[in-house]
Structure formats: C-alpha cells, structure tokens
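What follows is a set of notes on a single structure, which appears directly below.
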Amino acid sequence: MDARPAADPAGLGLGLGAYLLWGLLPLYFPLLQPAGPVEIVAHRIVWSLVFCALLLTAARQWPALLAVLRSRRSVGLLTLAAALVAVNWLVFVLGVLTDRVVDASLGYYVNPLVTVALAVLVLRERLRPVQWVALGFGAASVVVITVGYGELPWIALTLAVSFALYGLIKNRVGRDVGAVPSLATETLVLTPLALGYLLWLGSQGEGHFTSAGPWHTAALVSAGVVTAVPLLLFGAAARRLPLSVVGMLQYVTPTMQLLLAVVVLHEQMPAARWWGFGLVWVALVLLVVDGLRAGRAQRLARAAR
C-alpha cells in the first residue's frame, strides 16, 4: 500500500483506458482473418517491435534499451517473459478465433488466484486464512467446469498461469527496466522467430499480409499499436494509483470479454459454466475484501507509530 491518491482522475482514466482496450480485443482479432492464430501473433510481435522503436526514438530512450541489453540478468528474465507472453497471446487469439472467448475471460478472472498461489509456491509467502479459502473456491470452480462441461478448461488455465508467471517475472525486473525498453526487449527476442515464420509463409504462398486487400494489411500492421498502447497506459496508471485500485480495475477486462462472448458473439453458457464462474467470483470477492482489510490495518499500524 502506498500514499498515492486512490481518486487520481488521470490515473483512473489511464487505467480504465488500458483495461477497456484489452476488453475489446475479442472484436479485433476476427478482423485479421483469414490469417490464423500463429500468423496473427507473428505480426503482433514484429509490428510491436516497430512501434516500440518509434517510441524509443520519440522519447530518446535508446540508451535505456542498450543498458537492458548489456545486463545478462535482465535479458535472461525478459527472454523468459517473452516466451510466456507469446504463449499467452497465441492461446488468447486461438480462443477468440475458435469461439472460446468465455474460456478466455475465465482465465483472466482466475489469474489473481494463480498469482496468490505463486506467492506461496515461489516466494514462500504465508497466506491469511481468507486467502486460502479463496484458493479453495478457485480450485472448486475448475473442478465444476471440468466435470460439468466434460473437458478441462485448458485455455483458461493456460492464460491464467502464463500471465501470472509473466507478471512475476516483470515484477522482478520492473524496478530496473522501463515499460518501453522492457516491451522492446521482449519483442526483440521474439522477432527473429516471428519474422522467419512470416517469410516462410510468404515463400509457401500461404501468407495473408498482402493477399487479402489493403485494409487487411493495415489491420495486421495495427497489431503493434493494439499491443503496445494498452501496456503503456497501464504502466502510466500503475505509477499514479495504489495497487489496491489497480487490482480492482483488472476485473474490467474479463467482465467485458464475458459480456461480449454471451451478448455479441452468442457463445453458449451451460449451467456448469455459470456455477464455475460463480465460484470464481466468490473467490475474487474474498480476495478483494481481505486485501482492503489488510491494507487498512497496515495504514492504521503506521499511523499509530
């Protein structure tokens, strides 16, 4: 907890902007068809690097990027982060293009619970009783959906675990590396594979960069902006808002994705899914309430010193 004002209008606006843009992604990726998931992610990587290069030039942050590249620790951690975010992007795009946006939204609801579990398994933190109860509800939701729906919600679990691990690694390098140099390093690591794949597709006559018309080409190029802008908005908001506010704002994205899936994309919501989501929502309410109480206790303890 920190002393940054919870009601900072600029911070709230930036944070909401980031999560609203992420929430709209299920409407964006279908526009990139007939390109498949791997081709879309490859374009997302390449054009994100181009956009980052423009930002580094405009902000005169090339020395910061070079400093990151000279650090073996930073490059190693960001390479691992790049692999995780690539998996996250690929599974999310696959979920959107195969009419599984509901599963994707579940993944981002479950993500905070996985983060708490990582705090125990990796960071050896001790959880409060309410946090253990929340984890129990989260595990129960996966069981209910698996039994009722007939298959493990692997898209949701992959998204939750990959993004939680990504967040853990970014937390380790975040104090030393700025948002733009960090994203530039991640995309720089991934670009040789992505560019090689796109060139191979083109050589086989199976690429779609120029074969589906100029508007489709422009949409593929815009993937870099669509990727980078929400990340930059989020980074700016995180510097202006308390972590408790950022934590509550994160539920905007999966809520939007769930509403889009059910109302706009007309995906099915069997009873097992509703029960599973209900258990996750109970777990999240417990986490939020417990976090607010713990933060209030810490502030009172500091004030009493």
Side-chain angles (χ1 to χ4, degrees), residues 8-32 37 40-56 58-59 61 78 81-82 84-96 101 104-105 107-109 111-112 115 159-160 162-167 169-171 173-174 177-188 190 194 218-241 243 245-261:
D8 179 356
L12 287 173
L14 291 166
L16 279 173
Y19 285 113
L20 288 172
L21 288 174
W22 279 326
L24 291 172
L25 285 180
L27 299 180
Y28 168 73
F29 288 121
L31 300 177
L32 305 184
I40 289 172
V41 171
H43 277 289
R44 193 175 183 182
I45 291 167
V46 171
W47 297 112
S48 291
L49 180 60
V50 172
F51 188 66
C52 284
L54 295 175
L55 291 177
L56 289 168
Q61 289 191 0
L78 290 174
L84 289 167
V85 81
V87 170
N88 187 274
W89 288 353
L90 180 60
V91 173
F92 182 80
V93 173
L94 178 66
V96 171
V101 177
S105 71
Y108 291 114
Y109 276 126
N111 175 69
T115 300
L159 290 175
S162 62
F163 199 72
L165 288 170
Y166 176 76
I169 294 172
K170 295 284 279 188
N171 178 264
V173 299
V177 182
V180 178
S182 177
L183 181 60
T185 303
E186 292 166 32
T187 52
L188 184 62
L190 295 170
L220 287 172
V221 172
S222 71
V225 178
V226 169
T227 298
V229 168
L231 287 170
L232 296 174
L233 291 175
F234 173 77
R239 290 192 293 270
R240 291 171 169 83
L241 298 172
L243 289 178
V245 176
V246 175
M248 285 184 281
L249 282 176
Q250 71 178 314
Y251 302 123
V252 170
T253 293
T255 301
M256 287 183 61
Q257 292 174 354
L258 178 61
L259 290 174
L260 286 174

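Residues take their numbers from the sequence shown, with the count starting at 1.
Residues F92 and P37 form no side-chain contact, since every pair of their non-hydrogen atoms from C-beta on lies 4.5 Å or further apart. Inter-residue side-chain proximity for F51 and V229 is flagged as met; some heavy-atom pair is nearer than 4.5 Å.
Between atom CG of residue L32 and atom CD1 of residue I40 there is a gap of 4.5 Å, rounded to the nearest 0.5 Å. Note: L25 CG to W89 CH2 = 11.0 Å, rounded to the nearest 0.5 Å. Summarising the geometry, atom CG belonging to L21 is positioned 10.5 Å from atom CG belonging to L16; distances are rounded to the nearest 0.5 Å. Within the model, atoms CG of L24 and CE of M256 stand 4.0 Å from one another, a figure rounded to the nearest 0.5 Å.
Scored by the side chain to side chain contact (heavy atoms under 4.5 Å, CB included) test, S182 finds L78, K170, V177, E186 as partners (sequence neighbours excluded). For N88, the side chain to side chain donor-acceptor pair (under 3.5 Å) partners two or more places apart in sequence, or in a different chain, are Y108, S162. In this structure L49 satisfies the side chain to side chain contact (heavy atoms under 4.5 Å, CB included) test together with T187, L188, T191, sequence neighbours excluded. Shown here are the side chain to side chain contact (heavy atoms under 4.5 Å, CB included) partners of L14, two or more places apart in sequence or in another chain: L233, A236, A237, R240. Looking at residues two or more places apart in sequence or on another chain, you find a side chain to side chain contact (heavy atoms under 4.5 Å, CB included) between L56 and Q61, W62, L65, V180, P181, A184. For W47, the side chain to side chain donor-acceptor pair (under 3.5 Å) partners at least two apart in sequence or on another chain are H43.
In terms of heavy-atom proximity, L159 sits nearest to A104 at CD1-CA, 3.5 Å. Across every non-hydrogen atom of L260 and G23, the tightest pair is CD1-O, 3.3 Å. Across every non-hydrogen atom of P230 and A18, the tightest pair is O-CB, 3.4 Å. Nearest heavy atoms, A223 versus S48: O-OG, 4.2 Å. For the residue pair A160 and N111, the shortest heavy atom distance occurs at O-OD1, 3.2 Å. Contact detail for V96 and P30: the closest heavy-atom pair is CG1-CD, 3.8 Å.
Note: Y19 and W22 meet the aromatic proximity criterion, with ring centroids under 6.0 Å apart.
F163 CZ: 12 or fewer foreign heavy atoms inside a 6.0 Å radius.
Note on residues 224-237: pairs passing side-chain hydrogen bond (donor to acceptor under 3.5 Å, both in side chains), not counting sequence neighbours, are R44-T227.
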